[in-house]
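Chain letters run A, B, ... following the sequence lines, proteins first and then strands; every chain starts at 1. Just so you know, these numbers come straight off a predicted model, no measurement behind them.
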Amino acid sequence: MGYEELFPKNDLDGWHANAAKRFASPFVDAPHDRIDVDPIILSHAAVACGYSIRDFYEKPELGIHCVGYISELYDLLPVTHWFFSLPWVTELGITLEYKETLPPVSTGPIISTPEEIEALEPISKEDLKKGWTLPQFFNIYDYVSTNIPHTLVPISYGFDICGASSELVGVEEFIMYTFTEPDLAHKLVDTYVETSINGADALSDKYGMAMLIVGSVLANNDIFADEQVKDYSADKMHYYVDQCFRKGAGPQVFYHLCGNHETSYKVFKDTLVWSPFNVLHIGYSGQQTFPVDVLKSEFQDVTTIMGSVDTKLMINPNPAKVYEMSKQSLLGGRDAKKGFILGTSCETPPYTIPGNLLAMTRAARDFGTYGTW
Amino acid sequence: MEYVFSDAVKEVLAKRGLKEDDVKAVIDYAESSKDKITDGKRFIAKKVIGDLTVYADYSVDGGKAVVNAGYAHRMKILDIVLETEDSEWTYVKTGAMIRKGHTNLTFMGATRSGPSLVEPASGESWIEEYLAASALAAAEGLFEQKRA
């Protein structure tokens, strides 16, 4: 039995048709009912359908079908995604292991000497096709094309360029290199970036397009000064998107700045590539969710922005608090020039309380209905 | 002026639904007005023809215009929204340095920004071939379908 036999079909003419118009709203300047809500659902979808966190990652076709199915319950996005933060690293030599309550994690660094770093080479498109990451994405999108084609958006992930690169030597060692041997740190990041570009190239070859998701997670103000965030992350993100566009990927781009970007947010506006279809999401400023008024004033001229409800609240049995935070985010961002999406500050937790997701969409209806402000 | 189109260039133009005459018209306009940018080896010029902004990427060799590429986009160029750093290009008309930046583009009622080459003093923007032929073309398709 295939996973597709586990799920009833989505309500295509009702829910999905409406959600698709809503999803397009901020990008095509055609307001449709309310502002969209994207709590970045990953393994919560599996949990909500009765499966485990491990199932979500170990059985990607099941995982992505859960996302497509459960989005209807919560009235969220009409498109599917499946990912974790370490694409392309297995091809560079890292071993990943599945966990019961976590996404796949590295079993440990594979490089311990500067000579080994200097010898690193990006993985070619042809070799990626023989690897683990790319065939997995091909399988997922082929499954979606066959079984839930209305939700298909082929996505290629650069994801956390700095964080994924650091896994090759270990995070602490990588951070040390950025101070003591910056050329080696750049070599690590550049190798990962070029490999990721080749992955996006292969995906866009097969599907005619590839949305890009790329972020700055390890590179944040808890670890680095603004200058280092620019050098090791923002500049690399620019290069990644620019090169992917040159190879036919895009035009959709989702920029995810997770962690504390209290001052480092300033390095991104003049550095990133802004396409006609991009969304910028910044998780935190210090310990607080990133202020939506700053997000709007700084970035609304160039991108759709995504405001945040603190992910911690999503497992707190207090939907009223989620509703209030959603309300404040919506009131602050809903009139952004190039559109607004209500999100959570990072992936909503696996055991998110459904009542809290309802609180977000209720707030979006109450304070994000177009034509009411 | 004599125009040279290689077979490879002709094939790409045909795939993009562009006429050689439109590319020649862009070059004629650029050569008479100096409204073009150059990196010292080649020129990029643009001209609005009907609903398209048509571009010619060409080099001048004696009295010949050797066409390197022709491309177009349907999104209309509006104002510059961001300029970031100098490019290797110069605006022939004024001698000004061309900057890398972003420009508002409008299509089917939607206005979004995209990467561009910009000349802030004149407010002029140019879209490079790789963007017009792939990301912008895909974006135009999404706008037409009203989907993202």
Which atom pairs, one donor and one acceptor, sit under 3.5 Å between chain B and chain A?
from, atom 1, to, atom 2, distance (Å)
B/H102, NE2, A/W274, N, 2.8
B/N104, OD1, A/K338, NZ, 3.1
B/T111, N, A/D29, OD2, 3.1
B/R112, NE, A/P276, O, 2.6
B/R112, NH1, A/P26, O, 3.2
B/R112, NH1, A/T304, OG1, 3.3
B/R112, NH1, A/K338, O, 2.9
B/R112, NH2, A/P276, O, 3.3
B/R112, NH2, A/T304, OG1, 2.9
B/S113, OG, A/V302, O, 3.2
B/Y130, OH, A/D242, OD1, 3.0
B/S134, OG, A/F245, O, 3.3

Please flag which part of A/P26 lies under 4.5 Å from any non-hydrogen atom of chain B: side chain, backbone, both or neither.
backbone
Quick one: closest heavy-atom pair of A/P251 and B/A139, and the distance?
CG-N, 3.8 Å
Set out, in order, the CA-CA distance, both residues' side-chain angles and the distance that settles side-chain contact (heavy atoms from CB on, under 4.5 Å) for B/L142 and A/F27, then state yes or no.
CA-CA 9 Å; B/L142 293 170; A/F27 307 103; over 6 Å; no
Check each atom of A/L272 against the heavy atoms of chain B and say whether the ones under 4.5 Å are side chain, backbone, both or neither.
backbone
Winner by heavy-atom pair count (cut-off under 4.5 Å) against chain B, out of A/V28, A/V273, A/V153, A/V302
A/V28
N/O donor to acceptor pairs below 3.5 angstrom from side-chain atoms of residues 88-98 of chain B, sequence neighbours left out:
from, atom 1, to, atom 2, distance (Å)
B/Y91, OH, B/D35, OD1, 2.9
B/T94, OG1, B/A96, N, 3.2

